[in-house]
Amino acid sequence: EVQLTESGGGLVQAGGSLTLSCAASAFGFDDYTVGWFRQAPGKEREGVSCINTDDGATYYADSVKGRFTISHDNARNTVYLRMNNLKREDTAVYYCAAGPEREMWEAVAVGFDLPGGSWGHGTQVTVSS
């Protein structure tokens, strides 16, 4: 039921930084856990990070740990993904999703489906050189 809109994608040089935003509809995240996923052409969906918008607990995939930072501003109904030291392997369409905590953790960390989640339509991140 919550509507999510991703923004902030674009073209960036390797080693550069980019910040993605995931904005929720007027009803907000309703204290859901919010996750970021990505999918590159010919690749399966990959969980990137998630944050519990209630208690602030976070998770990062090993591939982005130390480079990406997830945060949230509940007053603005927005979750951010700050991406530093971008690599060519980070090129993908990035999606945000909101759902129950346990389901989101399983989806991001293990790759399970997210049957109770709401998804945005994605934003393209392209890392060159």
Side-chain angles (χ1 to χ4, degrees):
E1 28 91 284
V2 61
Q3 298 178 23
L4 306 177
T5 303
E6 303 95 334
S7 62
L11 176 64
V12 63
Q13 294 268 8
S17 298
L18 208 58
T19 299
L20 306 183
S21 298
C22 175
S25 61
F27 293 103
F29 294 109
D30 196 25
D31 293 329
Y32 283 165
T33 295
V34 177
W36 284 98
F37 302 80
R38 63 189 183 186
Q39 188 163 23
K43 303 292 184 64
E44 60 193 13
R45 188 186 67 197
E46 177 187 14
V48 176
S49 181
C50 61
I51 184 168
N52 186 312
T53 59
D54 184 17
D55 63 17
T58 60
Y59 170 86
Y60 297 93
D62 288 343
S63 59
V64 307
K65 196 173 301 180
R67 299 188 297 120
F68 291 10
T69 303
I70 191 170
S71 62
H72 68 111
D73 185 342
N74 285 344
R76 300 184 181 185
N77 297 141
T78 303
V79 167
Y80 304 95
L81 185 68
R82 177 63 175 176
M83 305 182 294
N84 294 324
N85 191 24
L86 282 161
K87 307 174 184 295
R88 282 176 291 179
E89 308 93 89
D90 297 317
T91 295
V93 177
Y94 283 70
Y95 302 87
C96 66
E101 178 182 4
R102 186 65 178 183
E103 290 186 13
M104 184 65 67
W105 180 86
E106 292 174 338
V108 173
V110 187
F112 288 178
D113 289 342
L114 190 63
S118 299
W119 293 82
H121 288 170
T123 184
Q124 176 72 49
V125 172
T126 303
V127 184
S128 64
S129 83

Would a hydrophobic clustering, with Ile, Leu, Val, Met, Phe, Trp and Tyr connected at side-chain separations under 4.5 Å, put Y94 with L18? yes
Whether over 12 other heavy atoms sit under 6.0 Å from R76 CZ: no
Is the count of non-hydrogen atoms from other residues, nucleotides or ligands lying under 6.0 Å from K65 atom NZ greater than 12? yes
Which heavy-atom pair separates R67 from N85 by the least distance, and what is that distance? NH1-O, 3.0 Å
What distance do N52 atom CG and T33 atom OG1 have between them, rounded to the nearest 0.5 Å? 4.0 Å
Audit row: D113, E103, side chain to side chain contact (heavy atoms under 4.5 Å, CB included) steps and yes/no: CA-CA 8 Å; D113 289 342; E103 290 186 13; over 6 Å; no
Gap between atom OG of S118 and atom CG of L4 - 0.5 Å precision: 6.0 Å
Could you check whether the rings of W119 and F37 sit parallel, tilted or perpendicular, using 30° and 60° as the cut-offs? tilted
Quickly, which of L86, V12, L11 forms a side chain to side chain contact (heavy atoms under 4.5 Å, CB included) with S128? Name it, please. L11
Distance (rounded to the nearest 0.5 Å) between E6 CD and C22 SG: 5.5 Å
What distance do E101 atom CD and D55 atom CG have between them, rounded to the nearest 0.5 Å? 6.0 Å
Has S49 got a side-chain atom pairing as donor or acceptor with Y59's backbone, closer than 3.5 angstrom? yes
To the nearest 0.5 angstrom, please state how far the CD atom of E106 sits from the CE atom of M104. 11.0 Å
Same hydrophobic cluster for V2 and I51, using side-chain heavy-atom links shorter than 4.5 Å among ILVMFWY? yes
How close do P100 and G116 get, heavy atom to heavy atom, and via which atoms? CD-O, 3.7 Å
Path from L114 to W36 over hydrophobic side-chain contacts below 4.5 Å: no
A92 and R38: which non-hydrogen atoms are nearest, and at how many Å? CB-CB, 3.7 Å
If Ile, Leu, Val, Met, Phe, Trp and Tyr residues are connected whenever their side-chain heavy atoms lie under 4.5 Å apart, and connections chain through other members, are V34 and F68 in the same group? yes
Return the minimal non-hydrogen interatomic distance between T123 and G8, and the atom names on each side. OG1-N, 4.2 Å
Heavy-atom pair with the smallest gap, counting every atom of A61 and G47: CB-O, 3.4 Å
Here the gap from H72 atom NE2 to T53 atom OG1, rounded to the nearest 0.5 Å, amounts to 6.5 Å
Shared hydrophobic cluster, Y60 / V79 (ILVMFWY, side-chain heavy atoms < 4.5 Å): yes
Smallest separation among heavy atoms of Y32 and G99, with atom names: CB-O, 3.5 Å
Member of T19, V125, V127 meeting the side chain to side chain contact (heavy atoms under 4.5 Å, CB included) criterion with M83: V125
List the steps and the verdict of salt bridge (charged side-chain N to carboxylate O under 4.0 Å, His left out) for K87 and D90. CA-CA 5 Å; K87 307 174 184 295; D90 297 317; over 6 Å; no
